[in-house]
Trainee: 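Structure below; questions to follow.
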Number of protein chains: 2
Amino acid sequence: MGERKIRNMEEFASISGISRPTVSKYFNDPNSVRASTRARIEAAIDQYDYRPNIYAMNQNRQLTKNIGIVVPYLADPFFGEIVRVIERRCIEAGYSPSLFSSHGAPEQERDILDTLRSLKPAGVLLAPLGRLSDKTAIEAFCRDVPTVLFDSNIDGMGEAFVGSDNYSFVSQTVEYLSRTGEPPSFFEMKHPANPNANKRRRAYLDMMERLGLEPHVLQIDGSGWAFEDIGRKGAHDILKKKALPTDTILCSNDRLAIGFLSACFEAGYKVGRTHGRDLRVASHDDHPFSRYTCPSLTTAAHDYSSVSGHAVETLFRLIESGGRFQTREETLFAAHLIMRDSA
Amino acid sequence: MGERKIRNMEEFASISGISRPTVSKYFNDPNSVRASTRARIEAAIDQYDYRPNIYAMNQNRQLTKNIGIVVPYLADPFFGEIVRVIERRCIEAGYSPSLFSSHGAPEQERDILDTLRSLKPAGVLLAPLGRLSDKTAIEAFCRDVPTVLFDSNIDGMGEAFVGSDNYSFVSQTVEYLSRTGEPPSFFEMKHPANPNANKRRRAYLDMMERLGLEPHVLQIDGSGWAFEDIGRKGAHDILKKKALPTDTILCSNDRLAIGFLSACFEAGYKVGRTHGRDLRVASHDDHPFSRYTCPSLTTAAHDYSSVSGHAVETLFRLIESGGRFQTREETLFAAHLIMRDSA
DNA sequence: ATTCATTTTTTACGCGCGTAAAGAATTATT
DNA sequence: AATAATTCTTTACGCGCGTAAAAAATGAAT
C-alpha cells in the first residue's frame, strides 16, 4: 500500500503484470476473468490503491453500473428508511446508487428524470409524487430507461411496480376497529397527492359495505406535503363542530394521524382504548414516529423490508433481462396490524 | 423541438452554426460567450434538445461541476429539510449535487468519501457522524477535496465549518426555564454520538453556574441513532425511580424529548406550563415533529435557512478560491426560542 | 504428448469532449 | 475610418478507457 501513484489503467496493468484489456474486463465484471488472474489484480489493487476513472469508464460503456433512486419527499423518515435498505443492496450487488428527492415538487421530479437520463443508468427505482407527477414526462422517461416504480403506482408506467396492498391495510384496521368498538369513520385529505390514498378510501367503503356498516368519510382541506399540519387543522375543525359520526377515527395515513392526535390533545379529547376515553384513533403506514405519539398509534404497518427488497430484486432482474419485461409486473405486500394504545 | 437526434457536440455545433470550441466554452460557463452567441446556442438547445455527454465532459476537466452532500442520517427529517435547501441552491448556481447518507454507520461514511473522491467533485458539504467518524479518513479526504463541514464540527478538518451555536441554544432555554419556574435538570445520552451534545452539556453547566443554580445532569444509556427510543426508556427509568431533582427537564435534543414526552404520557405524568402539571420539558433543535408532540414542545430552533444558506455560500467561495482558505472559517448561527406548551 | 477449449496478450481504433494556439472576424474606441 | 480589444474559428492533440480481432499462452481432457 502506498507505493507510487498510478495514473491510469495502462500503468496499473503493466505494474501488475496483466494486460490492460484483461484489467478492463475485470473491472466490468470481476468474475469474467480466471480466479488466479483475479487474485493477482486484486492484490495489485490493494497494493497500489488504484481505481479506474469512472468518467472514462462510463463514456463508452453501453450500460453503466449506475442505479437511480428517486423518492418524493426525503423529510419523511419513511423514505429515509426505505432508501437505506435499497442503497445497501445496490452496493452489495456492485452498482452505484444515486439518490434524488423531488421534495414534493413536480418540476423537480422532471428535472431529476432529466439528470438521470444523462447519467445513463442501468436502471431506476422511482417512487413518483403521484397525482402531481408529470405523467407524460414519466412515461417518456420509462420508455428510455428501465424503471421499476415503487410505493405509489401509476398505471402502465415502468416495467414493474412494487408496493403495499392498500386493501390489506384497511381491511385489517376496519375489521379490528369494528369488532372491538364503534365502526370507524375515515379521515383523509380531500385532494390527496398520493394514489394510495384513493385506494384506501375505496377499500374502506368496500369493507364497511361488506360488514353491513354505514361508512362515513371525513374529507379535509389542504394541499402539499405538510400532512401533520393538515391533519391537525382538520381535526380541530371537526372537533369544534362536534361533527364526528362515531367515536372511532381511521386516518388514511400516520402523518395525518399524528396531526389528529395532537389536535385531540390540545382540545382535551382523550384518545385510547381504555375506560374513560373519548375517541379511538387508528391509521396506516407504521411511520417511524407512530410509536411515540400520545397515545402510541395503532396502525397497519408496511412490510418495509419486503417492499424495498423486492423492488431491488425486480430491478436487478429487469436489468439482466435487457431492460424490458414481457408484461408489466405488479407486486403488492400485505400489511400487518400493530396494536398500540390509541385504538 | 424534436427535429432529428443529435449525437455529439460536433454535430450540434455544425447544425447550430457555431464552432465546437465555442459551444464547449458555453457549456462550461454560459456567461463566457457573447450574449448574441449565447442566444443562438440556447435557441439550438431548445430546438434540438441536445445535452453534452457528462462523462466525456468530466473526463478531462480539471474540475467538475459536481458537489457532494453527505449527511449522517437521512431518516431524520432535520437533514431532509437541510438537504432540500442545499440542493436547490447548488442547482441554481449551475452545480450538480450528489446526495449521500451515512445512515449512522462509520464504514458507510468511509465508503462515501471513497466514492466521492472518484467523482472528482468541485467541493463537498459534509455533515459527519461525529464521535464515531473515522477521523483519519475524513482528514485525508479533506486534504484532497475542498470540503466544508456543517452541522457537527471536527476540530481542524475541512476548510470551514458552518453550524449552530450550541451555547446560544442552551443559554436561552436555561434562562427562560429558570426565570419562569424551577431550574432545569439536563437530560442526555451518556455517550452521545454527536459533538454538539457535549457542547450543550458544557453550556448547561456554565449557565447554571453563572445563574448561581445547582446543575443536575441525568445521563442515560443507549447508543445508535434511535434517539426517541433511548429517550423514552431513559425517561421511564428515571420516572420510576422518582429520580428527578427538579420538576423541569431540559433535553439535549428534540428527538430525546419526543421519547421523554411519550414516556411521561405513558406513566401518567402531566407535562406543561399550566396549573396542575407535574413536569416541564424543553429541548433543542426545533425538529419538524416537535410541533406535534403532546404537549407541543418548547424548544430552541436552529436557524435552518441561515445554516444551509451560509454553508452553500461558503463552499462556493471556497471553490472560487481554488479550494483553500488562508485560515479555517467557523461560523455559528444563534438559535431562537420557540415557546410552545411543554414548558 | 496431443488436442481442444478457454483465457490472455497484442495491436489498434474510437468515444465525446477539453483545451491550446494561431489566425480571422467581429465589436468597441478614438 | 483606423486601431485596439474582444470573441470566434480552425486545426489538432490528448484524456482514460471500451472494445474488437487475431495471435499466443494456458489449462483440461483424452
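Values in this document were obtained by computation on a predicted structure and should not be read as measured data.
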Trainee: Using 0.5 Å steps for rounding, measure from the NE2 atom of A:H310 to the CG atom of A:D303.
Mentor: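 Taking NE2 in A:H310 and CG in A:D303, the distance rounds to 11.5 Å.
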Trainee: Show the distances under 3.5 angstrom between N or O atoms of the protein and N or O atoms of nucleotides 6-8 of chain D.
Mentor:
from	atom 1	to	atom 2	distance (Å)
D:dT7	O3'	B:R34	NH2	3.4
D:dC8	OP1	B:R34	N	3.2
D:dC8	OP1	B:T37	OG1	2.2

Trainee: Who passes salt bridge (charged side-chain N to carboxylate O under 4.0 Å, His left out) against B:R89, sequence neighbours left out?
Mentor: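 Here the qualifying residues are B:E313.
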Trainee: Would you classify A:P21 as touching base, sugar-phosphate or nothing, given that sugar-phosphate means primed atoms plus P, OP1 and OP2, and contacts are heavy atoms under 4.0 Å?
Mentor: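 A:P21: base contact, heavy atoms under 4.0 Å.
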Trainee: I'd like to check the side chain to side chain donor-acceptor pair (under 3.5 Å) partners of A:S19; sequence neighbours left out, ordered by chain and number.
Mentor: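 Result, side chain to side chain donor-acceptor pair (under 3.5 Å) vs A:S19: A:T22.
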Trainee: Apply ring-ring contact (aromatic ring centres under 6.0 Å, His included) to B:Y26 and list each qualifying residue two or more places apart in sequence or on a separate chain.
Mentor: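 Here no residue qualifies.
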Trainee: Donor-acceptor pairs are to be reported for all side-chain atoms of residues 149-156 of chain A against protein atoms at under 3.5 Å, with residues two or more places apart or in another chain.
Mentor:
from	atom 1	to	atom 2	distance (Å)
A:S152	OG	A:P128	O	3.3
A:N153	OD1	A:R328	NH2	2.8
A:N153	ND2	A:E330	OE2	3.4

Trainee: Using ring-ring contact (aromatic ring centres under 6.0 Å, His included) as the criterion, list what pairs up with B:H103, not counting sequence neighbours.
Mentor: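 So B:H103 forms no ring-ring contact (aromatic ring centres under 6.0 Å, His included) with any residue.
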Trainee: Which side-chain N or O atoms in residues 78-86 of chain A pair as donor and acceptor under 3.5 Å with protein atoms at least two apart or in another chain?
Mentor:
from	atom 1	to	atom 2	distance (Å)
A:E81	OE1	A:R84	NH1	3.1
A:E81	OE2	A:R84	NH1	2.9

Trainee: Just to verify, what does A:E320 make a salt bridge (charged side-chain N to carboxylate O under 4.0 Å, His left out) with, not counting sequence neighbours?
Mentor: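 A:E320 satisfies salt bridge (charged side-chain N to carboxylate O under 4.0 Å, His left out) with no other residue.
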Trainee: Going 5' to 3' along DNA chain C, which nucleotides are the first and last within contact of chain A (any atom under 4.0 Å from a heavy atom)?
Mentor: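 Using the under 4.0 Å cut-off, the span is C:dT7 to C:dG16.
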